[in-house]
Protein chains: 2
Amino acid sequence: MKLSTKGKYGLYAMFYLAQHAGNGPQPLKAVAEIGVPEDYLEQLLGNLRRAGLVTTVRGAQGGYQLAKAPEEITVGDIIDATEGPLTISECLSDEGCCHRSGQCRTRRVWEYLSNSINDLLQSISLRDMLEQEEFGVTKES
Amino acid sequence: MKLSTKGKYGLYAMFYLAQHAGNGPQPLKAVAEIGVPEDYLEQLLGNLRRAGLVTTVRGAQGGYQLAKAPEEITVGDIIDATEGPLTISECLSDEGCCHRSGQCRTRRVWEYLSNSINDLLQSISLRDMLEQEEFGVTKES
DNA sequence: ATGAATGTTGACAAAAATAGTCGGGTATGA
DNA sequence: TCATACCCGACTATTTTTGTCAACATTCAT
């Protein structure tokens with residue numbers, strides 16, 4: 001089980017935009033300096049735009065910026081937009097695939113894992129990352 | 001982010017073996033009735049054997065059986081053996097890939113996610129599945 | 001107006017991973 | 001010794017990933 005570069009690049013890009021929030025639109029060329037091929041990043045930003053996570057300004061002096069406040073955008077939102085939804089098992093969406101008894105029991109495991117991981121991803125926002133929080137750890141420095 | 005059929009088939013097979021624990025070795029042909037191509041399942045069971053999760057008996061009347069008690073085998077063990085380790089980001093194993101400032105900050109997110117998901121996978125054993133527990137939910141019914 | 005800067009779109013392609021398939025081995029019980 | 005099984009490595013088709021490219025649309029500055 002792994003995350004592809006899409007999700008990783010997507011988070012890099014979104015974090016970049018979060019760091020530069022308020023400084024006007026950031027052109028693709030600038031965002032790409034995080035170390036991602038421009039032409040590839042363009043596609044990912046397109047997905048992020050269609051998901052409502054970034055807005056764009058076309059033409060000269062244009063670029064990309066966050067569509068919402070950093071605390072309203074989660075790692076889960078970003079991964080979902082760039083990699084597509086988490087699919088632990090297609091059994092969860094596609095009914096009628098459990099033609100054997102044992103498999104219906106495993107279905108409940110997939111469901112539990114899927115929900116848990118989604119909750120986990122939703123629990124971290126860009127704001128958390130900006131603030132360098134110890135995610136999920138009770139802060140008490 | 002998704003699980004491939006390897007992990008899914010692997011869990012099906014291990015759950016089957018858990019259900020038939022104590023009945024002697026189960027031949028590949030029997031296990032394959034969970035709905036997995038025999039020749040493919042053989043590879044997966046080979047990985048599970050090398051990971052120390054199943055033992056085998058060769059020759060006639062031979063087959064596969066759990067190497068340990070169901071409570072000592074977790075979903076995480078199985079997925080790790082069949083799919084390989086969870087790699088949220090290769091940055092976690094491969095140092096020196098964070099040549100840009102922002103990426104080092106995202107690294108902590110990968111680390112946190114990776115640990116959390118591993119803990120989650122390790123928290124469910126075959127015994128839990130046999131007992132149809134409500135994983136992670138406080139039982140009270 | 002014009003041109004440079006910039007996002008938009010869809011097609012294309014190389015490389016890797018996935019999901020099997022196959023054939024020949026080796027061990028063992030009846 | 002034969003049928004039943006596991007063992008192992010090679011092969012292949014399909015899909016996914018990871019880009020690349022070319023043509024187009026929009027806007028700003030002059």
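Quick note on labels: first sequence line is chain A, next is B, and so on, each numbered from 1.
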Mind calculating the distance between CD (B/Gln65) and C1' (D/dC6) to the nearest angstrom?
13 Å
Residue B/Lys29 excluded, over 12 heavy atoms near NZ under 6.0 Å:
no
In whole angstroms, the gap separating P of D/dA29 from CD of A/Gln61 amounts to 5 Å
Tell me, please, which residues at least two apart from A/Glu38 pass salt bridge (Lys or Arg N to Asp or Glu O under 4.0 Å).
none
Mind calculating the distance between CD (B/Gln26) and P (D/dT4) to the nearest angstrom?
17 Å
Residues at least two apart in sequence or cross-chain that pass side chain to side chain donor-acceptor pair (under 3.5 Å) with A/Asp80, listed by chain then number, are none
Does the side chain of B/Asp77 come under 3.5 Å of the side chain of B/Thr74 through a donor N or O and an acceptor N or O?
yes
Rounded to the nearest angstrom, tell me the gap between atom NZ in A/Lys8 and atom P in D/dT17.
15 Å
Counting primed atoms, P, OP1 and OP2 as sugar-phosphate and everything else as base, the B/S/- map of nucleotides 11-26 of chain C against protein heavy atoms under 4.0 Å is B------SBBBB--BB
Check whether any side-chain heavy atom of A/Gln65 lies under 4.5 Å from a side-chain heavy atom of A/Asn23, and answer yes or no.
no
Which of residues 45-57 of chain A have a heavy atom under 4.0 Å from DNA chain D?
none
B/Arg58: partners by side-chain contact (heavy atoms from CB on, under 4.5 Å), with sequence neighbours left out:
none
Closest non-hydrogen atom pair, A/Pro37 against A/Tyr9:
CD-CE1, 4.5 Å
Rounded distance (Å) that lies between atom P of C/dA4 and atom CG of A/Leu28:
20 Å
Those residues at least two apart in sequence (or on a different chain) that pass ring pair (Phe, Tyr, Trp, His ring centres under 6.0 Å) with B/Tyr16 are B/His20
